[in-house]
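All remarks here apply to the structure that follows.
Note that ligands are numbered from 1 as they come in the structure, with each ligand's atoms numbered from 1 the same way. What you are looking at is a predicted structure, and each value in this text was computed from that prediction instead of being measured.
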Amino acid sequence: MATIKDVARLAGVSVATVSRVINKTDFVNPETAGQVLKAIEQLQYEPNAVARGLAGKKMGIIALILPDILNPFFPALARGVEDVAHKKGLTVILGNSDDLGLKESSYIKVLKKKYVDGFIIASNTIREEDVEALRKERIPIVLLDRGLNTASCAVIRSNNREGAKIGVQHLIEQGCQRIAHIYGPQEFITARERLLGYEEIAKGLSGYSPSLMVSGNFDIEGGRKAVEQLLTRHPDVDGIFAGNDLMGVGALKALHERGIRVPEEVKVCGFDGIGLTEITEPELTTVAQPIYEMGKLAARILLDEIESGIRENSIIELDVTLIPRKSTQ
Ligand code: RIB
């Protein structure tokens with residue numbers, strides 16, 4: 001494979017001149033530039049992408065680090081990021097952090113060495129100092145969904161607290177009085193905000209009790225076990241607001257296993273708007289996040305920063321949409 005030295009030798013110029021022609025970093029006499037381009041074509045020279053990166057040029061690659069792509073919430077997020085990046089001719093590298101700080105920081109360290117142009121991270125472990133360090137190295141970053149509340153970068157998520165209130169209010173409007181909440185891991189800001197939204201409404205109900213809240217670990221099995229605990233404590237529960245759709249699906253499963261009719265005896269509302277909610281029996285009412293749009297917006301903001309070098313420091317909360325289905329009506 002031809003090297004930059006072969007091109008310089010054939011064109012009769014220095015390696016530095018060839019580099020200037022490739023990276024357009026400085027004026028080169030048109031005749032000389034022509035000789036260099038001719039030599040590149042003749043040798044079918046491929047400039048080393050890493051070398052171009054080293055010259056401060058863009059690699060055309062962005063890194064997307066998500067907790068777990070097996071959770072059906074994240075593929076739509078990734079698709080939104082990739083569709084925007086692809087339109088701009090960029091490639092997306094995906095990594096699963098499993099919400100582990102060490103795995104996430106290892107990805108960041110390795111991918112920085114590969115001169116990626118920027119990071120989009122859904123993280124509940126990244127710290128302010130990690131974001132600051134990337135800023136000092138002039139590496140663009142955008143945080144998605146789970147993430148810091150006061151980051152020195154753009155943070156994009158749904159309005160989780162308002163969304164929870166919408167879900168609980170819907171259950172009340174459907175006649176529920178004893179409304180329970182299955183909440184996600186409280187280390188995630190998304191789960192914390194939804195619990196706060198639930199409490200803001202539910203505390204106004206005569207049937208409210210803190211024991212109506214139970215942890216569900218953001219997964220199906222967690223939702224199923226949570227309902228078993230709830231029904232032991234409060235057999236008269238008539239409404240369940242699940243902090244994400246996977247726990248809502250688990251709740252439907254547990255109620256079905258006990259022969260409890262949904263929505264006649266207990267109404268269930270989830271949160272996220274993943275495709276699975278359309279195929280459960282009954283179909284699951286949910287508070288849908290604009291997942292694909294969140295991914296697209298994150299990519300647009302990152303690309304703006306890559307191109308302009310100007311970092312957006314703001315928290316952007318997108319509106320959610322109630323999708324009523326048979327599990328509540
Ligand atoms: O289902 C995964 C959950 O984690 C979603 O609700 C999403 O908001 C993320 O926080």
- Under a 4.0 Å N-O cut-off, is there an ion pair linking D98 with K103? yes

For ligand 1, what N or O to protein N or O distances fall under 3.5 Å?
residue: ligand 1; atom: 1 (O); partner: N71; partner atom: ND2; Å: 3.0
residue: ligand 1; atom: 1 (O); partner: N244; partner atom: ND2; Å: 2.8
residue: ligand 1; atom: 1 (O); partner: D272; partner atom: OD2; Å: 3.1
residue: ligand 1; atom: 4 (O); partner: R146; partner atom: NE; Å: 3.4
residue: ligand 1; atom: 4 (O); partner: R146; partner atom: NH2; Å: 2.8
residue: ligand 1; atom: 6 (O); partner: R194; partner atom: NH1; Å: 2.7
residue: ligand 1; atom: 6 (O); partner: R194; partner atom: NH2; Å: 3.3
residue: ligand 1; atom: 6 (O); partner: D272; partner atom: OD1; Å: 2.6
residue: ligand 1; atom: 6 (O); partner: D272; partner atom: OD2; Å: 3.1
residue: ligand 1; atom: 8 (O); partner: D145; partner atom: OD1; Å: 2.7
residue: ligand 1; atom: 8 (O); partner: R194; partner atom: NH2; Å: 2.8
residue: ligand 1; atom: 8 (O); partner: Q289; partner atom: NE2; Å: 3.0
residue: ligand 1; atom: 10 (O); partner: D145; partner atom: OD1; Å: 3.4
residue: ligand 1; atom: 10 (O); partner: D145; partner atom: OD2; Å: 2.7
residue: ligand 1; atom: 10 (O); partner: R146; partner atom: NE; Å: 3.2
residue: ligand 1; atom: 10 (O); partner: T190; partner atom: OG1; Å: 2.8

- Test: E41 and K38 ion pair at under 4.0 Å: no

- Message: By the definition side chain to side chain contact (heavy atoms under 4.5 Å, CB included), identify the one residue from I301, I315, L143 that meets it with I156.
- Response: I301

- Message: Test: side chain to side chain donor-acceptor pair (under 3.5 Å). Region: residues 62-78. Which pairs qualify, not counting sequence neighbours?
- Response: none

- Message: Working to the nearest 0.5 angstrom, can you tell me the gap between Y183 OH and M247 CE?
- Response: 10.0 Å

- Message: Any salt bridge linking K87 with D83? Criterion: basic side-chain nitrogen under 4.0 Å from a carboxylate oxygen.
- Response: no

